[in-house]
Amino acid sequence: MPPPRTRGTALRQRLAELRGPDVPARTLDARALAALAANPGCRRRAILDGAGVDKAALASALGSPSAFGQSQFALTRGNAFEAKVKADGGAELLRLVHEKLDRGAEPPGAAAVPDLSAIGPEGRTARTALALREATGAAGTWTLLDHPMLALDVAGSPAFLEPDAVVVHPDGSWTVVEIKSFPMLDGSADPAKVGAAARQAAVYVLALEEVAARLDPAPRVRHRVLLVCPKDFSNLPTASAVDVRKQRAVTARQLARLTRVQDIADALPEGTCFSPELPADRLTAAVESVPATYAPECLSACELAFHCRERSRAAGAVTSLGRPARAELGGLTTVADVLAAARGEAGDPDDPAVAALRRAAELRAEALGAMCH
């Protein structure tokens, strides 16, 4: 067996071949990682994200352009709000952290804001780890890390993550800060958006825990993160503490279930490539060589969702009806199987799913008969 360094180099070369010649890798961010963890059975997304493939460009080349992603206006508004929150050395941000999460500590004065610049994601990750260690050792002071770089192992491949901020408290504990541009109206925000932010923050918490585990003694990574949003219809920042223990546990469990990228890559046919520059037929064959696990939830989380939905519907897969329906149908994997079981043409009568379908078909027939009479 080759040494780990050799295996790692071979994997990076293989992933570069899958992207295509001279195609730079697309960074796997926390938003994408949370979506990947929500669908751990999808090998297609795992290998495309692991290889750093631009899925939006890939979807366009396949003829199913993605409607997924933020508008340029939303990005600009979000960047302007984040700059406001972090102005004056992060004074307002630290005030909110103190107010919402650590009232017992000394109020933040002039906090330390270390320079985290370095060459490449590996260099920035190392610089962030050093800054966290130094800040943790400086007891009694507040430290703000602006856009630190963290690394998290995902299916055997490193993912580099960049939270909006991490705050080191005077007691040495660490807090993740998420800054979003959606508003908090009367102290509460859209639950769906808060949930998405919590799942994203949970990924950062997991990555921070890996950094903390390498320190002795290991500092505490707080599981209550700070969500900062505009207040009502203004541009003034307000904040809420969000407990992400549930999201952290679910994400950790789902990431552990992901098939290793190396195993997926080894199973692909020789010469497989996902470059959007390839002819449509060859690109389609490459994408279809990797199994996908489509569900309607993918429409809000994956750039390839329209392509996978079309293929799932064409195959009559019950996954296109949603995960709850798929779970209820047991071993019936296609719509044709479900209809045949309901009509009594196939299926084991002792199977609870088959029995329920046949009973539902009988009730439907009775109801239609009653309407006709």
- [ ] Using only heavy-atom distances, determine whether the side chains of D232 and S234 contain a donor-acceptor pair under 3.5 Å.
- [x] no
Open item on the list: Any carboxylate oxygen within less than 4.0 angstrom of a Lys/Arg side-chain nitrogen, looking at K55 and D49?
Closed with: yes
- [ ] Please step through side chain to side chain contact (heavy atoms under 4.5 Å, CB included) for the pair E210 and L206, ending with a clear verdict.
- [x] CA-CA 7 Å; E210 290 197 0; L206 285 171; over 6 Å; no
Task: Backbone N/O of H223 and side chain of R245: donor-acceptor pair under 3.5 Å - done: no
Task: Ion pair K84/E92, N-O distance below 4.0 Å - done: no
Open item on the list: So does D164 get a backbone contact from the side chain of K86, meaning a donor-acceptor N/O pair under 3.5 Å?
Closed with: yes
TODO: To the nearest 0.5 angstrom, please state how far the CG atom of L116 sits from the CG atom of L145.
DONE: 5.0 Å
TODO: Report yes if the side chains of K193 and K180 come closer than 4.5 Å at any heavy-atom pair, otherwise no.
DONE: no
Open item on the list: Please check this pair: side chain of N39 against backbone of C298, looking for a donor-acceptor N/O pair closer than 3.5 Å.
Closed with: no
Task: Any donor-acceptor N/O pair, T284 side chain to A280 backbone, under 3.5 Å - done: yes
Task: Worked verdict on R220 versus E209 for side chain to side chain contact (heavy atoms under 4.5 Å, CB included) - done: CA-CA 8 Å; R220 177 166 65 100; E209 287 177 345; over 6 Å; no
Task: Under 3.5 Å side-chain donor-acceptor pair for E82 and H147 - done: yes
Task: Taking every non-hydrogen atom, the tightest pair across G20 and S275 - done: CA-CB, 4.1 Å
Task: Under 3.5 Å donor-acceptor, T125 side chain and P121 backbone - done: yes
Open item on the list: Please report the interatomic distance CG(D88) to CG(L94), rounded to the nearest 0.5 Å.
Closed with: 11.5 Å
TODO: Rounded to the nearest 0.5 Å, what's the gap from CG on L304 to CG on L299? Could you check?
DONE: 11.5 Å
Open item on the list: When you measure from the side chain of S188 to the backbone of M184, do you find a donor-acceptor pair of N or O atoms at a distance under 3.5 Å?
Closed with: no
Open item on the list: As an exercise, state the distance from CG of L48 to CG of L18, rounded to the nearest 0.5 Å.
Closed with: 8.5 Å
- [ ] Without swapping roles, check the side chain of R199 against the backbone of A34 for a donor-acceptor pair under 3.5 Å.
- [x] no
Open item on the list: For D216, is there an ion pair with R133 - N to carboxylate O distance below 4.0 angstrom?
Closed with: no
Task: Nearest-0.5 Å distance that lies between atom CG in L15 and atom CD in E17 - done: 9.0 Å
Open item on the list: Enumerate the side-chain hydrogen bond (donor to acceptor under 3.5 Å, both in side chains) contacts for residues 103-120, please, sequence neighbours excluded, ordered by first and then second residue.
Closed with: D115-S117
Task: Ion pair check, D243 and R224, cut-off under 4.0 Å - done: no
TODO: Check whether any side-chain N or O of S181 sits under 3.5 Å from a backbone N or O of R77 as a donor-acceptor pair, and report yes or no.
DONE: no
- [ ] Can you tell me which residue pairs pass the ring pair (Phe, Tyr, Trp, His ring centres under 6.0 Å) test with a partner in residues 173-204, sequence neighbours excluded?
- [x] none
TODO: Dump the intermediate steps for side chain to side chain contact (heavy atoms under 4.5 Å, CB included) on V177 and V225, then the final yes or no.
DONE: CA-CA 6 Å; V177 177; V225 305; over 6 Å; no
TODO: For R359, check salt bridge (charged side-chain N to carboxylate O under 4.0 Å, His left out) against everything at least two apart and list the hits.
DONE: E362
Open item on the list: Using side chain to side chain contact (heavy atoms under 4.5 Å, CB included), reason through V167 and L226 one step at a time and then give a plain yes or no.
Closed with: CA-CA 10 Å; V167 171; L226 190 74; over 6 Å; no
- [ ] Give me the ring orientation class for H169 and W142: parallel if the planes are under 30° apart, tilted from 30 to 60°, perpendicular past 60°.
- [x] tilted
Task: F160 side, atom CZ; L152 side, atom CG - distance, nearest 0.5 Å - done: 11.0 Å
Open item on the list: Surrounding CG of D266 (heavy atoms of other residues, nucleotides or ligands, distance under 6.0 Å), is the total greater than 12?
Closed with: yes
Task: Non-hydrogen atoms of A189 and P183 that approach each other most closely - done: CB-O, 3.5 Å
Task: I119 atom CD1, neighbour heavy-atom count above 12 within 6.0 Å - done: no
Task: salt_bridge(E122, R124) N-O dist < 4.0 Å - done: no
TODO: Can you establish whether the number of heavy atoms outside E277 located under 6.0 Å from its atom CD is more than 12?
DONE: no
